[in-house]
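The next block holds one structure in the form of structure tokens; read it before the comments.
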Amino acid sequence: MPRKKPQPAKSGRRVFTPEFKQEAVQMLLDGHKASSVAERLGVSHANVLYRWKRELLAESGPVAGALETRVHELEVERERDVLKKSVDYFRPQRITEVYAAMEAIVAANAASALEACGVLGVSRSAYYAWRRA
């Protein structure tokens with residue numbers, strides 16, 4: 001957490017030291033949400049932090065900007081890979097397996113039949129027809 005507090009300027013606006021800004025941006029880069037960093041540090045808006053980040057990356061040169069872009073791309077790829085693997089894992093061999101799983105979810109009161117059908121992508125009428133059979 002930054003050690004130096006912002007100093008009020010004569011015009012009533014606060015002036016933040018470059019070290020304060022750099023540590024705030026580092027918190028963003030470490031994965032903290034901008035709103036929580038702004039609240040924790042007493043910065044008026046999260047947009048200020050994003051502006052500081054943009055300025056700091058511009059000062060650092062094209063390498064820092066390219067690195068930030070690559071980190072974002074890797075995060076997106078990781079999320080995509082997790083989703084791909086989970087789709088294969090949860091894909092049932094037969095529709096009756098889906099209905100049986102839904103039956104267990106509904107019986108445990110974890111979700112309603114409407115919610116379970118929406119998540120699993122099956123029609124309610126087909127599910128209820130299966131239950132009656």
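- For Lys53, the side-chain contact (heavy atoms from CB on, under 4.5 Å) test picks out Val25, Leu28, Leu29, Leu57, Glu68, with sequence neighbours left out.
- Contact between Ala38 and Leu49 at its shortest, heavy atoms only, is N-CD1, 3.5 Å.
- Taken to the nearest 0.5 Å, the NE2 atom of His45 stands 13.5 Å off from the CD atom of Glu39.
- Leu56 places none of its side-chain heavy atoms less than 4.5 Å from the side chain of Lys21.
- Within 6.0 Å of the CD atom in Glu55, the count of heavy atoms belonging to other residues, nucleotides or ligands exceeds 12.
- Contact detail for Ala46 and Ala34: the closest heavy-atom pair is CB-CB, 3.7 Å.
- Linking Ile, Leu, Val, Met, Phe, Trp and Tyr whenever their side-chain heavy atoms come within less than 4.5 Å leaves Tyr99 and Ile105 in two separate clusters.
- Separation of atoms OG1 (Thr17) and CD (Glu23) is listed at 8.0 Å; rounding is to 0.5 Å.
- When hydrophobic clusters are built by joining Ile, Leu, Val, Met, Phe, Trp and Tyr residues whose side-chain heavy atoms come closer than 4.5 Å, directly or via intermediates, Val122 is grouped together with Tyr128.
- Residues Val48 and Phe16 have side chains not in contact (no heavy-atom distance under 4.5 Å, counting atoms from C-beta outward).
- Between the side chain of Glu115 and the backbone N or O of Ser112 there is at least one donor-acceptor pair closer than 3.5 Å.
- Taking 4.0 Å as the cut-off between side-chain N and carboxylate O, Glu77 and Arg80 do not count as a salt-bridged pair.
- Taking a 6.0 Å sphere around CZ of Arg51, one finds it holds more than 12 heavy atoms contributed by other residues, nucleotides or ligands.
- Other residues, nucleotides and ligands place more than 12 heavy atoms under 6.0 Å from the CD atom of Gln26.
- With values rounded to the nearest 0.5 angstrom, Arg78 atom CZ is found 8.5 Å from Leu74 atom CG.
- Closest heavy-atom contact between Tyr127 and Cys117: CB-SG, 4.0 Å.
- The aromatic rings of Trp52 and Phe20 sit perpendicular, their planes meeting at an angle over 60°, well past the 30° parallel limit.
- Remark: Met27 CE to Arg40 CZ distance equals 4.0 Å, nearest 0.5 Å.
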